Amino acid sequence: MAEEKKIKTIGVLTSGGDAPGMNAAIRAVVRRAFSKGLTVVGIKKGYAGLLQEDFYEMHPRDVSDIISRGGTILATARCLEFHDPEVQKQAADICKKHGIDGIVVIGGDGSFRGAQALASHGINTIGVPGTIDLDIACTDYTIGFDTAVNTAMDAIDKVRDTSTSHERCSIIEVMGRHAGHIAMWCGIANGAEDILIPEKYDYVENKIINHIKENKARGKKHHIIINAEGIGESQSMARRIEAETGMETRATILGHMQRGGSPTCKDRVYASTMGAKAVDLLCEGKSNRVIAHKHGDFIDYDINEALQMKKGVDEYMYEIYRSFSI
Ligand code: ADP
Ligand code: F6P
């Protein structure tokens with residue numbers, strides 16, 4: 001219990017791409033901290049707001065009615081100057097000036113590197129994984145992925161309807177800067193004929209073309225290709241496929257609609273649990289940790305170790321999709 005008195009004021013910020021469920025995590029931080037007698041400072045626009053001292057004290061009523069809302073009430077930013085070690089030191093000094101003993105950083109790997117830097121200057125930091133991409137190696141869950149794949153799945157179902165009516169091929173591009181998790185989950189959920197992900201795609205377009213021709217011969221009425229943003233080029237791919245197969249082909253890029261919307265139950269509950277756990281860890285005197293969900297448990301790792309970890313797509317999931325795609 002003596003440890004619990006160490007931390008008096010904590011900051012909370014969201015950084016990098018927003019993700020549905022970030023608001024649930026912010027709410028959990030504020031209310032868990034309040035229940036432990038801590039003061040919470042909301043930091044606007046990620047590390048950019050930290051440098052501009054864009055702060056406000058957050059009370060439990062400030063987070064009313066946000067659990068069901070997408071986006072982040074704290075706003076977010078990509079702040080390139082935070083890569084500079086001198087700027088990181090300035091940020092830590094700003095925290096000290098405002099009496100901020102600890103910070104909860106909700107974001108992805110890049111944001112955790114910023115948290116790591118603050119920790120090295122004596123500010124206790126806890127990372128909470130928030131990104132629709134699911135590309136944080138230490139965790140099986142990231143805030144926003146569940147909502148994003150459900151949003152994309154609904155959209156792809158709609159494209160599928162019109163593809164079937166017109167007997168077309170549709171290439172649907174989903175988000176995922178370097179990672180194919182969204183594409184693979186949607187590919188399975190939507191029964192796609194082909195899934196193109198950066199981790200596996202060999203850029204041999206002829207294989208897709210032959211697959212379309214074979215399926216046409218088998219009497220298939222459409223051909224759905226889920227293409228990850230990391231591969232991109234969906235429009236030009238559509239033109240080439242149409243020319244080679246004779247099947248009318250359209251490309252749809254789902255884009256930022258995948259990042260918005262009301263979070264699913266899973267995103268609300270997991271984000272709430274992670275936000276609360278971040279506060280608990282700070283109260284235990286922990287720093288430079290990141291929260292993860294692994295094999296069904298909420299746990300934490302040292303940020304340095306977490307950032308060294310590697311994660312690919314699930315090999316078994318990739319294999320089964322290929323066996324369904326016949
Ligand atoms: P994400 O957190 O989703 O991975 P980014 O990679 O865009 O998103 O990172 C978000 C922000 O985190 C950056 O704009 C920057 O402010 C900070 N950041 C990223 N990489 C570093 C780094 N190597 N050192 C310090 N801060 C970083
Ligand atoms: O990291 C989440 C993500 O949505 C990626 O899937 C995508 O590549 C990127 O952010 C887009 O970033 P921005 O909103 O800055 O264009």
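When a ligand or atom number is given, it counts from 1 through the structure's own listing order. Because the structure is a prediction, the values reported are computed rather than measured.
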Next item on the list: Distance to 0.1 Å, residue and atom name: give those for the protein heavy atom nearest to atom 2 (O) of ligand 1.
Entry: Ser111 OG, 2.5 Å
Next item on the list: Report, in ascending order of atom number, the atoms of ligand 2 lying under 4.0 Å from any heavy atom of Glu229.
Entry: 5 (C), 6 (O), 7 (C), 8 (O)
Notebook entry, point to check: Starting from atom 4 (O) of ligand 1, which protein heavy atom do you reach first, and at what distance in Å?
Noted result: Gly110 N, 3.0 Å
Checklist line | Any side-chain donor near an acceptor of the partner, Asp267 and Tyr141, under 3.5 Å | finding: yes
Note to self: Assess, by modelled atom type and distance only, whether the side chains of Gln116 and Asn304 contain a donor and an acceptor separated by less than 3.5 Å.
What the structure shows: yes
Margin query: Does either side chain, that of His98 or that of Glu53, offer a donor lying less than 3.5 Å from an acceptor on the other one?
Written below: yes
Next item on the list: Would you please say whether a donor-acceptor pair under 3.5 Å links the side chains of Ser236 and Arg239?
Entry: no
Note to self: Out of all atoms in ligand 1, which are within 4.0 Å of some heavy atom of Gln88? Include the element for each.
What the structure shows: 24 (N), 25 (C)
Note to self: Under a 4.0 angstrom heavy-atom cut-off, which atoms of ligand 1 come close to Ser15?
What the structure shows: 10 (C), 11 (C), 12 (O)
Notebook entry, point to check: If you measure every N/O of Cys79 against every N/O of ligand 1, is any gap under 3.5 Å?
Noted result: yes
Next item on the list: May I ask you to list the atoms of ligand 2 that are less than 4.0 angstrom from any heavy atom of His256?
Entry: 13 (P), 14 (O), 16 (O)
Note to self: Check this for me - ligand 1, Thr131, N or O atoms closer than 3.5 angstrom, yes or no?
What the structure shows: no
Checklist line | Lys44 to Phe55 six-membered ring, cation-pi geometry met (6.0 Å, 45°) | finding: no
Checklist line | side-chain hydrogen bond (donor to acceptor under 3.5 Å, both in side chains) evaluation trace for Thr72 with Asp18 | finding: CA-CA 7 Å; Thr72 157; Asp18 65 347; over 6 Å; no
Note to self: Please tell me whether His222 and Thr164 have a donor and an acceptor in their side chains that are separated by less than 3.5 angstrom.
What the structure shows: yes
Next item on the list: Run the contact test for Glu81 against ligand 1 with a 4.0 Å cut-off on heavy atoms, strictly below, and give the result.
Entry: no
Notebook entry, point to check: How far is atom 6 (O) of ligand 2 from its nearest protein heavy atom, and which residue and atom name does that atom have?
Noted result: Asp133 OD1, 2.7 Å
Check: Judged by modelled atom types alone, do Ser234 and Glu173 share a side-chain donor-acceptor pair under 3.5 Å?
Finding: yes
Notebook entry, point to check: Closer than 4.0 angstrom: is that true for some heavy atom of Ala117 and an atom of ligand 1?
Noted result: no
Next item on the list: Among all protein heavy atoms, pick out the one at the shortest distance from atom 23 (N) of ligand 1; state its residue, atom name and that distance to 0.1 Å.
Entry: Arg113 CD, 3.4 Å
Check: Based purely on interatomic distance, does Gly176 place a nitrogen or oxygen under 3.5 Å from a nitrogen or oxygen of ligand 2?
Finding: yes
Check: What residue and heavy atom of the protein are closest to atom 3 (C) of ligand 2, and at what distance?
Finding: Arg259 NH1, 3.4 Å
Next item on the list: Could you verify whether a donor N or O on one side chain and an acceptor N or O on the other, from Thr147 and Arg259, lie under 3.5 Å apart?
Entry: no
Margin query: I need the atoms of ligand 1 closer than 4.0 Å to a non-hydrogen atom of Arg78, numbered in the order shown.
Written below: 5 (P), 7 (O), 8 (O), 14 (O)
Next item on the list: May I ask you to check whether Tyr47 has an N/O atom sitting below 3.5 Å from an N/O atom of ligand 1?
Entry: no
Check: For atom 12 (O) of ligand 2, which protein heavy atom lies nearest, and how many Å away is it?
Finding: Arg78 NH2, 3.0 Å
Margin query: Under 3.5 Å between any N/O of Gly108 and any N/O of ligand 1: does that happen in this structure?
Written below: yes
Notebook entry, point to check: Asp101 and Thr9: side-chain donor and acceptor closer than 3.5 Å?
Noted result: no
Next item on the list: Decide whether Asp194 and His211 meet the rule of one side-chain donor and one side-chain acceptor closer than 3.5 Å.
Entry: yes
